[in-house]
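Note sheet for the following structure.
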Amino acid sequence: MCGIVGYIGKRNATDILISGLRRLEYRGYDSAGLALLSDDKITLVKQTGKVAALEQRLKESVASDVREHSCIGIAHTRWATHGLPTEANAHPHTADNGDLALVHNGIIENFADLRRQLESHGCIFTSQTDTEALAHLISTFDEGDLLAAVSLALKRVQGTYGIAVISARHPGQIVVARRGSPLVVGIGESETIIASDVSAIVAHTRQVVYLQDGDVALITENGPQVYTLENAAVDRAVSKVEWEVDAAEKGGFAHFMLKEIFEQPAALQNTIRGRLDMALGTAILSGLNLTARELAAIRRLVIVACGTSLHAGMVGKYLFEGLADLPTDPEQAAEFRYCNPILGADDLVVAISQSGETADTLAAVREGMQKGALVAGLCNVVGSTIARETGRGVYLHAGPEIGVASTKAFTAQVTVLLMMALKLGRSRRLSREAGLSLCEEINRIPEMIGRVLEENERIASIAEKYAGCNNAFFIGRGILYPTALEGALKLKEISYIHAEGYQAAELKHGPIALLDKKLPVIALLNDIPGKEKTLGNAQECIARSAPVIGILTEGDHEAEQVSTDVIRLPRTSAYTAPVITAAALQLFAYHVARLRGCEIDQPRNLAKSVTVE
Ligand code: M6R
């Protein structure tokens with residue numbers, strides 16, 4: 001949520017900041033800004049709208065020698081929390097008559113108190129943001145040491161932050177700090193790049209330091225010196241980013257979302273690689289760091305997650321209960337903390353988060369740990385806060401996901417949950433033969449998704465027929481119900497069509513009242529147990545004149561007969577059906593949104609990583 005990038009070195013900072021902002025734009029895109037430091041002076045440019053608008057403004061309003069020869073700067077792309085997305089509220093925010101500039105992700109919860117105190121001491125505020133209070137606070141503490149001033153100010157702050165600060169009084173320095181909002185430092189040859197995620201850094205260096213909560217760092221062109229807010233030096237290891245820069249580029253696709261949908265066969269190969277034991281018929285998930293005794297002692301799973309990750313967790317319930325006889329409760333992470341969850345040492349809390357930074361999921365992780373449960377993270381982003389704080393878990397290894405609509409992360413999450421269920425099942429009741437047959441099916445997932453992707457053109461032509469509708473229902477039964485929810489979420493977030501997912505049987509308990517010929521029902525009719533009953537529900541829709549788009553197993557003529565339009569999928573067992581079906585629904589949502597002319601990778605009001613509660 002909001003993107004930060006900063007540069008200090010010998011090259012032209014403007015280009016690096018703008019290209020960094022473009023890569024971070026998926027984190028927020030209602031306004032953008034940057035501050036350049038040269039000749040002991042800060043030049044500030046801010047603009048509502050996207051980074052392209054900021055770039056244009058820069059060209060029009062900043063002298064070319066400043067634009068082309070500044071070697072220090074910070075920049076920000078915003079997802080508004082406090083204050084409208086106006087130019088005044090865009091970051092960077094300044095203090096000290098424009099000599100100090102600050103960019104911030106997160107929320108300063110006590111900003112109103114701070115603002116009142118600062119105003120009573122003569123500070124003039126020009127925005128409605130919480131961030132501006134922090135800029136003034138740092139400036140009032142600056143007595144010649146920027147790092148010390150930032151540390152002192154942050155001790156007065158309640159809330160979350162990832163910040164970068166420059167000052168005309170301290171050329172040759174950027175000071176950064178984090179609590180609850182990620183910050184990464186990239187170490188190059190006589191240059192340092194800081195950013196809220198590595199995608200803005202990998203084009204320049206793959207050597208990075210992940211800052212941790214409570215860290216404050218003095219950044220020079222020679223890298224970071226990291227301290228606590230109490231000024232004790234801390235050592236942070238340098239890690240190597242394992243993916244190449246083109247993984248975060250569109251690679252010829254019209255949108256990141258489409259690229260990421262089509263990447264799924266390769267991404268899931270990576271998710272599965274080295275994790276199946278084809279001799280013992282089980283999964284090897286060493287990151288879980290659980291002994292055989294600990295595994296056997298688990299009595300219940302609680303899955304905490306939000307959005308698409310929650311839908312994956314809901315699929316997990318069917319997997320853990322079906323394969324390992326383990327009671328499993330998926331919980332919306334934000335609600336989890338407020339219902340006094342009863343947890344103990346024999347409960348395993350599984351936090352699912354693509355970004356590993358979702359504030360609500362992180363809070364649920366902390367609640368689980370505090371209550372003495374085992375807590376594991378299923379994250380995609382390596383080194384993310386949830387991955388680090390849980391200390392045990394399974395990485396998705398799906399590669400960077402840039403499109404705001406989550407696609408490959410969902411299918412990778414379900415695949416990892418399936419491997420976990422296999423492992424837990426084998427330590428309980430699954431025979432070696434049953435384990436081996438599941439291993440074989442998991443190994444076939446990439447190829448089966450590839451076959452769904454071959455249906456792209458057909459799905460696009462069905463989308464054409466329904467792109468004009470205002471409402472849509474998705475129905476599924478059992479393990480396919482969460483996939484129906486996921487299909488509806490994909491459609492609504494990128495096409496703005498009102499879409500709802502229902503358990504197929506629930507339709508007749510109320511929602512059926514809305515059906516007419518203008519309301520398509522996307523029915524998940526895969527040939528797995530329960531299909532006959534869902535077919536009956538689809539018939540009920542047809543009888544109310546609603547068109548039914550049947551997502552069904554190839555060769556299933558019975559299901560074809562109740563469908564107005566048909567998307568055919570390869571035959572699978574119930575356990576892999578959600579993964580295969582989701583890929584078809586992703587393509588459907590993508591094409592509907594494309595035909596409606598929507599901003600697919602940056603849907604309105606959304607941001608990729610939701611780091612506020
Ligand atoms: O990074 P996370 O998986 O924790 O994110 C959770 C949700 O915010 C995310 O899945 C969101 O629902 C997506 N936009 C859905 O496409």
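First listed ligand is number 1; within each ligand, the first listed atom is number 1.
- In terms of protein heavy-atom proximity, atom 6 (C) of ligand 1 is nearest to Cys306 O, 3.3 Å.
- The nearest protein atom to atom 5 (O) of ligand 1, hydrogens excluded, is given as Thr358 OG1, 3.4 Å; this is a heavy-atom distance.
- With His255 as the fixed residue, the side-chain contact (heavy atoms from CB on, under 4.5 Å) test singles out one of Ile494, Ile261, Ile600: Ile600.
- When each atom of ligand 1 is checked for a heavy atom of Ser309 under 4.0 Å away, the hits are 2 (P), 3 (O), 10 (O).
- The nearest protein atom to atom 1 (O) of ligand 1, hydrogens excluded, is given as Ser355 OG, 2.7 Å; this is a heavy-atom distance.
- Using a 4.0 Å cut-off to heavy atoms of Lys490, the atoms of ligand 1 that qualify are 15 (C), 16 (O).
- Of all atoms in ligand 1, numbered sequentially from 1 with element shown, those under 4.0 Å from a heavy atom of Ser353 are 1 (O), 2 (P), 3 (O), 4 (O).
- Within ligand 1, the atoms closer than 4.0 Å to a non-hydrogen atom of Ala405 are 16 (O), numbered from 1 in the order shown.
- Numbered from 1 in the order shown, with element, the atoms of ligand 1 that lie under 4.0 Å from a heavy atom of Ser406 read 15 (C), 16 (O).
- In terms of protein heavy atoms, atom 9 (C) of ligand 1 is closest to Thr308 N, 4.1 Å.
- With hydrogens and angles ignored, the 3.5 Å screen pairs a side-chain donor or acceptor of Asn380 with a backbone N or O of Gly399.
- A side-chain donor-acceptor contact under 3.5 Å links Asp197 to the backbone of Ser199.
- Every atom of ligand 1 with a heavy atom of Val404 under 4.0 Å away is listed here by number and element: 13 (C), 14 (N), 16 (O).
- Applying the side-chain contact (heavy atoms from CB on, under 4.5 Å) test between Thr77 and each of Arg22, Glu25, Arg23 identifies Glu25 as the sole match.
- In terms of the side-chain contact (heavy atoms from CB on, under 4.5 Å) criterion, residue partners of Thr131 (sequence neighbours excluded) are, by chain and number, His91, His93, Leu102, His104, Thr129.
- With hydrogens left out, the protein atom closest to atom 8 (O) of ligand 1 is Val610 CG2, 4.1 Å, a heavy atom.
- Both the sub-6.0 Å distance and the 45° axial angle are satisfied by Arg604 relative to the ring of Tyr496.
- Looking from atom 16 (O) of ligand 1 to the surrounding protein, the closest heavy atom is Glu493 OE2, 2.4 Å.
- The side-chain hydrogen bond (donor to acceptor under 3.5 Å, both in side chains) search around Thr271 returns none, not counting sequence neighbours.
- Between the side chains of Glu441 and Thr576, at least one donor N or O sits under 3.5 Å from an acceptor N or O.
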